[in-house]
Amino acid sequence: MRKTWIAGLALALPLALAACGGSTPPGTAGAGGATKAAGEAIKIGSLHPLSGSSAADGQQMDNAAKLAVEAINAAGGIKSMGGAKLELLSADSQGKPEVGQSEAQRLIQEGAVSIVGTYQSAVSQNVAAVAERNKVPFVIDVSSADAILAQGYKYSFRLQPSGTVLAEDGAQNLFDVSKAAGKPAKKIAILHEQGPFGTAIKDTFSKKAQSLGMTIGPVASYDAASVSDFTTQMAAVKASGSDVLMVAGYYRDGVLVANAVKTVKPGVNAVWGVANGAFDVPTFPGEVGAAGEGFFDSNYHLDGTNPDTQALMKTYQAKYKDQIRTAAVLSYDAVRVIADSLERSGSADPTKVRDAIAQTNLKSLIASKGPITFGPTGENEGAAPILMQVQSGKVVQTFPKEFAQTAPRYPATPAS
Amino acid sequence: MLRLESVCAGYHGLQILHEVDLEVNEGEIVALVGANGAGKTTTLRAASGVISPTSGQITFQGEPAGGLRTAGLVARGLVHVPEERALFGPLTIEENLRMGAWTQRKTPMSGALAEVFELFPVLADRRRQTAETLSGGQQQMLCIGRALMARPKLLMLDEPSTGLSPKLTWTVLEAIGMIRDRGVAVLLVEQNAGQALRLADRAYVMESGSVVLGGTGAELADDDRVRAAYLGL
Amino acid sequence: MNTVTDQSPDQSPDPSTAPATEPAPLPRPIWGRHLLVLAVIAVVLVPLPLLLPPNTQAVAVRVLIFALMAVGWNIMSGFGGMFSFGHAAYFGLGAYVSVWLLVNHGVSPWIGLLVGMLVAAAFATLIGFLALRYRLKGAYFALSTFAFAEMLRLLAINSDFVNRAVGYNVPLRPEFSLAFMQFAPGSPAYFWIALGLTVAAIAVSILFLRSRTGRFLVAVRDDEDAAAAVGVPVMRTKLVTMALSAAVTSVAGTFYAQYYFFIDPDVAFGSSVSIQAILPAVIGGVATIWGPAIGALVLGPLNDVTATLLRNPPAALSFLEGRAGLDVIVYALLLILIVLLLPQGIYGALRDRWRRR
Amino acid sequence: MSLLEVRNVSRSFQGLKAVDDVSFDVKEGSILGIIGPNGAGKTTLFNLVAGAITPQAGTVTLDGRDITGFAPHKVAQAGMVRTFQLMKPFGSVSVLENVAVAAMAAGTSRHDASKAAAQIVERVGLGRWRDLQSSGLPTAGLKRLELARALAVRPRVLLLDEVLAGLTPTERAPVMELLEALRAEDGVTLVFVEHIMAAVMRLSDSVLVLDQGRVLMSGSPQEVTSDPRVIEAYLGQEPTDVAT
Amino acid sequence: MTEQIPSATAPTVAEGEGHTSSPRLWARVPWTRVAIGVGFFVVAIALAYLRAGNGDVVRQAVLTGILIGGVYGLVAMGLTLIFGVLDIVNFAHGAFLAVALYITVTMVSRLGVNPLVALFVAVPVMFLLGAGVQRFVLAGAMGKPLENQLLITLGLALLIDNVLLMSFGPNPQSVKLPGDTGVQIFGAVATVSRLLAFGVAIVLAALLYVLLQRTRLGTAIRAVAANEAGAQLVGIDTRRIYMATFAIGTACAGAAGVLVAPLVTIEPTTGELFNIIAFVVVVLGGMGNVIGALVGGLIIGLTEQLGALYFPGQSPLLSVFVVFVLVLFLRPQGLFGKAS
C-alpha cells in the first residue's frame with residue numbers, strides 16, 4: 001500500500017508545516033486587545049477577495065491598503081503613540097461570506113485593532129456581525145448594501161456612499177444634467193443585475209426618478225455571473241422609445257452592455273450608469289472602444305482634481321504598473337481613517353479606536369461633498385457620487401462643477 | 001497451434017480451472033463440451049488473454065501466449081468470439097466488420113470483407129444497417145464475421161448457438177465448417193453437444209474445471225460418459 | 001445486446017464489475033460498538049474548545065458544519081448510492097426556514113431547526129419522487145438534483161417573500177441566550193452545539209443503518225431488482241432515505257445561519273454548498289459511518305493551512321508570498337491527489353487495510 | 001382452483017414477440033417445470049409473472065387475486081417470490097444479512113429475522129459461508145443464496161430461474177432434496193425453469209415447453225420428453241442424440 | 001435473442017449502465033421529432049410576440065438566442081464527446097476553455113495577429129493538454145464512482161483557474177476581432193464575431209461528425225463507446241482511444257475558447273460561465289451526440305432569450321433549468337437519443 005503512504009504524507013506535510021508556520025502562539029493578542037507597547041507594530045486587518053472572480057479589484061484594494069500603511073509609517077507612524085508603526089495583515093475572503101467571516105475572526109484574534117474591507121456586500125454583512133460581536137471597528141471601503149448598516153451596528157463604518165445615496169443622487173444628477181442640456185430625461189429604461197446591489201439601486205432610483213417627474217420604461221434584470229449577451233434587452237429598450245438607459249451592474253456585464261448598445265443602437269440620449277462597475281473604470285474605454293463613448297456613470301470616484309489623489313495614482317502606477325481604481329483609493333482612505341483615529345485616541349484599544357473613528361473628520365481622496373464624517377449609523381456623510389463620462393476614450397469627471405474636469409456632453413447618443 | 005498445459009486460472013482468488021490440458025491443431029475444429037459451470041468459458045478467456053492463468057503454460061504457434069494482452073493475440077491470429085457477442089450496437093454492419101480488421105492495418109480489407117459477405121450473404125444486404133437492429137442469428141453471424149476480418153488462424157467461438165432457433169443454429173454450425181475449410185482452426189464451445197460433436201474433428205469434455213475426456217468427435221458423441229457429463233443423465 | 005440473460009453460469013462476472021476484494025469474512029455489524037465509540041469521542045471532544053487556541057476554534061466549528069453536511073449527504077448518496085449534487089437545496093432550506101421564522105416571527109432557531117428539517121425532508125421527498133418516478137440514475141440523477149437546487153437559488157433571488165438577493169441578517173441580541181442559539185463571540189457554546197448536532201447526526205445514521213429501512217436501503221443499493229423481488233418497497237425506502245438525508249443536512253444550514261449571522265441565496269443554495277457536502281464524505285470515505293467526519297477533519301483546516309502557509313510563508317518559501325491563487329492551487333492539487341490515491345477515502349483505505357490483516 | 005393462473009400473457013420488445021399468448025395453471029403444492037431452448041422467453045415469462053415487466057396483454061392471478069401489473073415488491077408481499085438466473089446478491093453485505101433483509105421485507109421483526117435467516121442459511125447449506133461478503137461467493141454459493149433469500153420471504157409460490165445450473169451433480173442432489181422438502185413439508189408451490197433434464201424429470205408434476213415465446217406443449221414429464229416436437233426444438237436436432 | 005431484451009432493458013433502462021447502453025453518437029435525422037421541435041418553437045415565438053408586443057424585440061431575441069445557442073453548442077460539443085465515450089462528467093471543461101482564451105489573448109497582444117490565428121495554436125496545444133490530463137490524471141479515475149470523478153475534475157478546474165490567475169493576473173482582458181461590426185439580419189442585428197462563432201460551431205460540428213463517422217479513429221471511438229469489451233476483442237487499445245477522445249474533446253474546448261474570446265471579458269474564471277449551461281446542453285442533446293449538442297445549444301439559447309421575454313422579473317436561467325428538468329424526466333436519453 002505505497003499509495004496510502006504517499007497520500008498520508010501529502011496530508012501530513014501541510015498540517016505539520018502549518019503547525020510551525022501558521023498558528024499564532026496563544027496570548028499574543030486577544031479580542032479585547034491590550035494597549036500596545038511602544039515599538040510594537042499596530043495591526044490592521046485588510047480583508048479582500050484576493051482570489052476568485054473579483055480578484056482584480058480585491059488585489060488592487062489590498063495593494064492600496066499596503067501603500068497607505070507604508071506612507072503612514074514613512075511619515076513617522078502614529079505619533080501620539082511614540083511613533084508606533086502600523087502593520088497590515090492581509091486576508092483573502094475569496095469572495096465567500098463564510099471565508100470572510102472566519103478570516104475576520106482570525107485577523108481579530110491575531111490582534112488587528114480594526115478591519116478594512118471587503119468589497120462584496122454579502123461578505124461585509126458577515127464581517128460586520130463579527131466586528132460587532134468582537135467590538136472591533138470595521139471600516140467598509142466598498143460594499144453598497146444598505147442592509148449592512150441597517151442592523152444598528154456600532155462598530156461598522158462605511159466610506160463609500162450607500163446604495164440609497166448612490167441611487168438617489170444618480171437620479172438627481174440625471175435630472176439636473178439633462179435639464180441643463182435642454183433635453184430633460186422623460187422615460188428611463190432600466191437594466192440591472194439581479195443581486196442585492198443592482199436590485200436596491202433599481203428600486204431607489206425608480207422611486208426618485210418618478211418623484212422628479214420621469215417615467216420608468218422597461219426593466220430587465222440579469223444574472224451577472226452567467227449573462228453573455230444583451231442584444232434582446234437592447235432591442236426591447238429600442239422598441240420602448242425610452243430616451244435614457246440606466247444600467248446598474250458590474251464590469252463584465254457593463255462591457256456586454258456597451259457591445260449590445262453598439263450593435264442594436266437603441267437610440268437613447270444617454271446610457272446612464274448608476275454606481276456602475278464598468279463605465280467609470282479607466283480600462284473600460286480601451287476595452288470597448290467607440291462603443292462606450294459618451295457613457296455616463298454617476299458613482300463615487302477618486303478625485304482626479306485632488307493633488308494628493310494624483311500623487312497616489314502616480315505612486316501606485318509606479319509600484320504596481322497598473323492604474324489605481326476608485327475602490328483601491330477607498331481602501332487607502334480607510335487605512336488613513338484608522339491611522340487618524342489611532343493618532344487621536346492614542347490607544348490601540350479597539351473600543352477607543354471605534355470611538356475615535358466615530359469622531360473622524362478627514363479630507364477624502366475621493367470626490368465628495370464634504371470631509372469624511374460618520375453619521376449615527378456609520379455612513380460617511382461626506383460621501384456623494386459624482387458624474388463621470390467617457391469622452392474621447394477617457395473617463396473624465398463632469399459634474400458637479402467643483403469636481404468637473406470638463407463639462408458633461410448631453411445628449412450623448414452612443415454609437416452614433 | 002494452440003496448446004494449454006496444466007493451466008490453472010480463476011477470478012478473484014477463486015480457482016476455476018484445474019490443470020487444463022488441451023491442444024488445437026492447424027485446420028481442425030475442436031469442440032469443448034461439458035455441463036454449465038464446467039469451466040469452458042474460463043478456458044477460452046484464459047486462452048484469449050482476457051484473464052491471466054495463475055499457473056501452467058499457454059502457447060500459440062509455438063510462442064508463449066499466456067497473460068498477453070488481447071490486442072497482441074488478435075494481431076497474431078487468435079480471435080475470441082465471446083458468448084455475449086459484444087457487438088458495436090449503434091455502428092453499422094460494415095463498420096463493425098471494419099473494426100474487426102483493426103489490427104490488419106496494412107492489408108486492404110476489401111478482400112476480407114468480400115469473403116465475409118460471401119459466407120454470410122444476409123450481412124451484405126444489410127451492410128448499412130446498425131448491428132442492434134439485427135436478429136439474434138444475424139448478430140451471431142456478424143460476430144463471427146467480425147472475428148474473421150482479423151484474418152485469424154484460430155477462432156475461438158463461445159456458444160455461438162445461444163439464443164438461436166435450431167434452424168439458425170444449423171446455419172451457423174455449417175458456416176463454421178466452411179470456415180474450417182478455408183484453413184482456419186476453430187475451438188468451439190457449444191451447448192448443442194450432439195451437433196457440435198458431429199461437426200468437430202476432435203473434442204474435449206470438461207467437468208468441474210478439468211478436462212476429463214478427449215477424443216474424436218464421433219467417438220465422444222457415442223460415449224455414455226459424455227451424456228452423463230453434458231446432459232446430467 | 002449488452003447484457004446476456006442466458007449466460008452460462010461458468011461465465012464468471014466481468015472482472016471490471018466484480019468486487020475488488022476477495023471473499024472475506026465481514027465483521028458482524030457492530031452498531032453498539034459504533035455508538036459507544038461515538039459517545040467516547042463526543043465526551044473526549046467536549047473540553048476541546050477550552051484547550052484550543054482561540055483562532056482555531058472557528059476552524060473547529062467549520063469542521064463540524066462540514067461534517068454535519070457530509071453525514072447528511074452520505075446517508076443518501078453513500079449508503080443509498082443515489083448521488084446527489086444538489087444538497088445545497090436542503091442546506092439552504094434549513095438556513096432559510098429558520099432565519100425566516102426568526103426574523104419575521106421571532107421564532108427560536110431551535111424550533112426553526114425542526115421546521116427546517118421538515119421542510120427539507122418534504123422537498124427531498126418531492127424531488128426524490130419525481131426523479132425516481134422517471135427512473136433517473138447516475139449522472140442524470142445527480143444533474144437533476146443539481147437543477148432543483150439551482151432553481152431554489154434562482155427563485156430565492158427573485159422572490160420578495162425571502163428578501164430577494166439581499167438575504168437576511170440574523171439580528172444580534174443585546175444579551176446572549178441559549179434559547180436563541182446566540183452566545184458571546186468565541187464562546188465554546190457554539191462548538192458544543194455543533195458537536196452535539198454532529199454527534200446526533202452520526203448517531204442517527206448509525207441507528208438508521210441498523211433499522212429495517214436502513215438495511216433495506218443497502219439491499220436496494222446493491223441490487224434494486226433483487227430487493228424488490230423479495231418484497232422490499234424500493235421507492236418508499238429511497239424516499240425515506242432522501243428525506244432523512246435532507247433533514248440532517250438542513251440542520252447544518254440552520255446552524256450555519258446562526259453561527260455566521262447572514263445568509264443570501266448564493267450562500268445557502270449555491271453550487272459550492274453542494275460540493276462542500278460531497279467533499280468530506282469522498283475524502284473520508286463514502287458509505288462509511290466515520291468517513292464524513294474524518295474527511296471534514298482533514299478538509300476543514302486544509303484551506304486555512306494552505307492559505308496561511310502560502311500567504312505568510314516561512315522564510316524558506318518566501319518567494320511564494322503574495323502570489324494570489326497559489327494557496328488554492330495547492331489545495332486543488334492535494335484534493336486531486338487524495339481522491340486519486342485514496343479512492344476509497346481515508347477511512348475506507350484504513351478499514352480495508354485493517355480487514356486484510 | 002389453481003393457486004397461480006397465468007392467462008394469455010404477451011409482451012414484445014421493439015416489435016419482437018418475446019412472450020406470445022402464454023397461459024398455464026399451477027395447483028397449490030405442485031411443481032411445474034418450464035423448459036425450452038435458449039431465447040424461448042422463459043426469463044421474460046418469469047419477469048411478467050413476478051411483476052418486473054408489465055404484460056401488454058393477459059392476466060396473472062394468484063390465489064384468486066388479480067396481480068397483473070403489480071410492482072415486484074407487491075407480488076412478493078402477495079406471496080410469490082422469484083429468484084434470478086443471473087445471481088443478484090446484495091453484494092456488500094454478508095450472506096446472513098442477505099437473507100435477514102428478505103425476512104424483514106416479509107414483515108418479520110429485526111430480531112426474529114436474524115434467527116430465521118440463520119436457520120434458512122443452514123437449511124440451504126450455506127452455513128459455513130454465512131459471514132462471508134456475499135459478492136465473493138462462488139456460483140454454487142450464489143445460487144443457494146438466491147434460494148435462501150427467496151425462502152426467507154416464506155412464499156406460497158416460488159419461481160426458480162435455473163437454480164441448479166452451474167452446480168456439479170453432487171451439489172445438485174441436496175438442492176433437489178430441499179426443493180422436494182419444501183413442497184412436502186412447507187407446502188410451497190414451485191415453478192422452475194431448468195435445462196437439466198434429470199432434475200425436470202424427477203421434480204416436475206407437469207412440464208411446460210416454450211419455444212420462440214409460445215407454448216410448444218405441456219404435459220407430464222414423460223409426455224413431454226417423448227414428443228418429437230420437443231426433441232426437435234429443444235433436445236437436439238435428431239432424436240437419436242438424446243438417450244431419453 | 002428474444003430473451004436477451006427483457007432483463008437488459010426492462011425496469012432499469014433509463015441509462016443504468018452508463019455508456020454500455022450504447023450512446024448515440026449520431027442518430028439518423030429524426031424528422032418527425034425535428035418537425036415537432038420546430039412547431040414548438042413557432043408557437044413559443046408567437047407567444048413571445050404576444051407577450052412582448054413588438055416584432056423587433058422578438059426577432060432580436062430569436063436571432064440572439066440562435067447565435068448564443070451556437071456558442072453553447074460549440075462549448076458543449078467537446079464535453080458531450082467526453083461524456084459519451086469516457087462517461088466522465090468533466091467539470092474542468094470550462095477551465096480548459098479559459099486556457100484557450102488566454103492563449104488567444106497572449107497571441108493577440110504579443111504578436112498582434114488576428115484572434116482567429118490563435119486557432120492554429122490553441123487547438124493543438126489543447127489537444128496535447130487534454131491527452132496529458134487524461135493519461136496522467138483521469139486514467140486513474142476511470143470506472144471509479146461518479147463522486148470521485150466529479151471531485152477530480154472540479155479540482156482540475158480549480159487548479160487551472162488559479163494557475164491562470166497566477167500567470168495572467170486578475171485584470172479582465174479583452175480581444176477584438178478586426179472589423180467586428182453589427183450586421184442587419186431580418187430586422188435584427190448581430191456582430192460579425194458572433195456570426196463567425198456560430199458559423200464555426202456548425203463547421204466544427206460537421207468536422208466532428210465526419211471524424212466520427214468516416215474515419216477509422218472515429219469509428220473506433222464509437223466502437224469503444226458502444227462496447228468496450230468488444231473493442232478489446234478486436235484488438236483496439238481502449239486506453240489510447242480514451243486518451244484520444246479526451247484530447248479531441250479538449251481541443252474542441254480550445255477551438256471554442258478562441259471563437260468565444262472576442263465575445264467575452266477574459267478573466268481566469270470566465271470558463272465557468274459556460275460549464276453549467278454546457279452540461280444542460282449535453283443532456284438535452286443526448287450524451288455523446290455532437291449534432292445533438294449543437295441543436296441542444298440552440299434550444300437553450302432560445303429558451304434563455306425567449307424566457308427573458310416571458311418572465312422579465314425572473315432570471316433567464318430559471319427557464320433553462322425548467323426545460324432541463326422536463327427533458328430529464330420525459331426524455332432522459334436526450335432529445336436526440338434513441339428511445340429505449
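All chains are named by letter (A, B, ...) in the order of the sequence lines, taking the proteins before the strands, and each is independently numbered beginning at 1. The analysis underlying the following values was restricted to heavy atoms, covering all of them including side chains, and did not include hydrogens, waters or symmetry mates.
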Original post:
Does the D222(C) side chain pair with the main chain of S92(D), one donor and one acceptor, at a distance under 3.5 Å?
Top reply: yes

Which bit of [X] is near chain C, if near means a heavy-atom gap under 4.5 Å: side chain, backbone, both or neither?
{"X": "P89(D)", "value": "backbone"}
{"X": "V153(D)", "value": "side chain"}
{"X": "A50(D)", "value": "neither"}

Original post:
How long is the span from the OG atom in S135(D) to the CG atom in D223(C), to the nearest 0.5 Å?
Top reply: 12.0 Å

Subject >> From NZ (K88(D)) to CD (E224(C)), nearest 0.5 Å >> reply: 9.5 Å

Original post:
Are any non-hydrogen side-chain atoms of V232(C) and H73(D) less than 4.5 angstrom apart?
Top reply: no

**OP:** Spell out the residues in residues 201-220 of chain C that have some non-hydrogen atom less than 4.5 Å away from a non-hydrogen atom of chain D, in order of number; otherwise answer 'none'.
**Re:** R210(C), S211(C), R212(C), R215(C), F216(C), V218(C), A219(C)

**OP:** Using a cut-off of under 4.5 Å on heavy-atom pairs, state which of D161(D), L159(D), T108(D) scores highest against chain C.
**Re:** T108(D)

**OP:** Quick one: which of A78(D), A105(D), G51(D) has the most heavy-atom pairs under 4.5 Å with chain C, could you say?
**Re:** A105(D)

Original post:
Any chance CZ of R33(C) has more than 12 other-residue heavy atoms, nucleotides or ligands included, within less than 6.0 Å?
Top reply: no

Subject >> Residues in residues 114-123 of chain D near chain C [non-hydrogen atoms, under 4.5 Å] >> reply: S114(D)

**OP:** Work out which heavy atom in A76(D) is nearest to a heavy atom in A229(C); give both atom names and the distance.
**Re:** CB-O, 3.3 Å

**OP:** Against chain D, label A227(C) side chain, backbone, both or neither, depending on which of its atoms sit under 4.5 Å from a heavy atom there.
**Re:** both

